[in-house]
Amino acid sequence: MTTPLRVVLEIGPKGKRVVAAAYEWPGLDRWGKDEEAALAKLVAYLPRYAPVAERAGLAADFAAQSTLEAVERYAGNTSTDFWGIAHVPSETERTVLAERDLERRIGLVRAAWGHFDDVTARVSAELQPGPRGGGRSRDEIVRHVYASERHNWWRKVGLRMDDGVRLTPPELASLRDEYIGLVREFNADGRPARTWPIQFLLRRTGQHAMDHAWEMEDRDLTGQQAARHAAPPS
């Protein structure tokens, strides 16, 4: 039996970009220049998100959601138009999650973190430059993602730390556990994370990790480097 993949659409005020988000699957957000393009891109990324669902033990549930259902269209802000990233929570996400639903989404956020870590372990240190010749290296992306967690997600639930601290993997894992614990507390109390509902906070946490995991996969030079090393001398 198939069920619809429920999607919310955040529309930039100038109509430059639309973000389509499968809000029940944290990390599965894509943007396009209009609604049709955003939904088409989301569909194209379903196979790329499948490993996250599988890692969370939800592969069968994810595979069963083969059609899209837009459940809400709402206005974003100027950052929606500029970045193509969700910046405004939908009304759909303002509901306090039942414990079972919360734990399901926490599992998906943890799976997104795990996928990001796996990608960083296998891609090249230097990445394919962007169309204008720029772009972060792998290690710069890693630092950016961890810094964003500290500045943007953790602080919304009251978790603060010195910006100058360089986290070891065990320290990062411990702080992520503390963050998840605070998310559980806020949800149990029915409290938003400042202006963000807990559903939206989890969605954005997963989105940022997956967006940069996919970026690294797309810009990976491992195959090209291997081919150069294998080529016979001219």
Side-chain angles (χ1 to χ4, degrees), residues 2-50 52-53 62 65-95 97 105 108-109 112 115-116 127-136 140-141 144-145 147-149 151-153 155-156 192-219:
T2 62
T3 56
L5 185 71
R6 289 183 282 269
V7 175
V8 293
L9 293 157
E10 182 175 326
I11 302 166
K14 295 183 179 179
K16 292 182 178 180
R17 291 179 179 176
V18 175
V19 177
Y23 62 97
E24 295 171 313
W25 299 89
L28 186 51
D29 284 41
R30 295 285 85 188
W31 71 269
K33 292 184 177 180
D34 54 30
E35 180 178 323
E36 182 179 357
L39 290 170
K41 188 176 288 187
L42 192 73
V43 168
Y45 271 74
L46 295 181
R48 298 185 71 173
Y49 188 83
V52 176
F62 186 68
Q65 298 193 350
S66 57
T67 59
L68 302 187
E69 178 186 358
V71 298
E72 184 180 345
R73 294 168 176 84
Y74 64 100
N77 59 24
T78 54
S79 292
T80 312
D81 273 328
F82 187 79
W83 296 106
I85 297 171
H87 280 79
V88 178
S90 66
E91 289 301 315
T92 303
E93 294 169 289
R94 295 189 183 279
T95 305
L97 289 167
R105 296 196 200 185
L108 287 162
V109 168
H115 185 80
F116 178 86
L127 300 171
Q128 179 72 41
R132 297 181 181 178
R136 298 182 180 100
E140 288 170 340
I141 289 174
H144 164 71
V145 169
S148 291
E149 289 183 15
H151 297 157
N152 299 325
W153 325 139
R155 291 183 180 183
K156 287 186 180 294
R194 296 186 181 176
T195 59
W196 284 7
I198 290 299
Q199 290 195 50
F200 188 67
L201 177 64
L202 289 173
R203 169 154 74 96
R204 287 288 282 110
T205 303
Q207 177 274 329
H208 198 243
M210 290 307 300
D211 189 55
H212 287 294
W214 288 329
E215 177 195 355
M216 289 188 291
E217 288 177 334
D218 291 342
R219 296 175 55 213

Please say which of L39, V7, D211, V18 ends up in a side chain to side chain contact (heavy atoms under 4.5 Å, CB included) with R30.
D211

Considering residues, nucleotides and ligands other than K16, do more than 12 of their heavy atoms fall under 6.0 Å from its NZ?
no

Heavy-atom side-chain contact between V8 and F200 under 4.5 Å
no

Taking side chain as C-beta onward, heavy atoms only, is I198 less than 4.5 Å from L201?
yes

Got K41 and K33 here, is their nearest side-chain heavy-atom distance under 4.5 Å?
no

What heavy-atom pair brings L42 and A20 nearest, and what distance separates the two atoms?
CD1-O, 3.7 Å

Could you go step by step and tell me if E93 and E72 meet the side-chain contact (heavy atoms from CB on, under 4.5 Å) rule?
CA-CA 10 Å; E93 294 169 289; E72 184 180 345; over 6 Å; no

Check step by step if side-chain contact (heavy atoms from CB on, under 4.5 Å) holds for W196 and N152.
CA-CA 11 Å; W196 284 7; N152 299 325; 5.8 Å; no

Is the shortest heavy-atom distance from the side chain of I85 to the side chain of S79 under 4.5 Å?
no

Give me the ring orientation class for W25 and F62: parallel if the planes are under 30° apart, tilted from 30 to 60°, perpendicular past 60°.
perpendicular

Closest non-hydrogen atom pair, H208 against V145:
CE1-CA, 3.9 Å

Could you tell me if the side chain of R105 sits less than 4.5 Å from the side chain of Y23, heavy atoms only?
yes

Answer yes when E217 and R48 have at least one side-chain N-carboxylate O distance shorter than 4.0 Å, and no when they do not.
yes

Please tell me if the side chains of E10 and D29 come closer than 4.5 Å, counting only heavy atoms from C-beta onward.
no

Does any part of the side chain of L108, heavy atoms only, come nearer than 4.5 Å to the side chain of Y49, both counted from C-beta?
yes

Should we say atom OH of Y74 is surrounded by more than 12 heavy atoms from elsewhere, each under 6.0 Å from it?
yes

Taking everything shown except Q128 itself, do over 12 heavy atoms lie less than 6.0 Å from its CD?
yes

Side-chain heavy atoms of D218 within contact of L127, under 4.5 Å:
no

Which of Q199, R6, Q65 passes side-chain hydrogen bond (donor to acceptor under 3.5 Å, both in side chains) with E24? Answer is R6

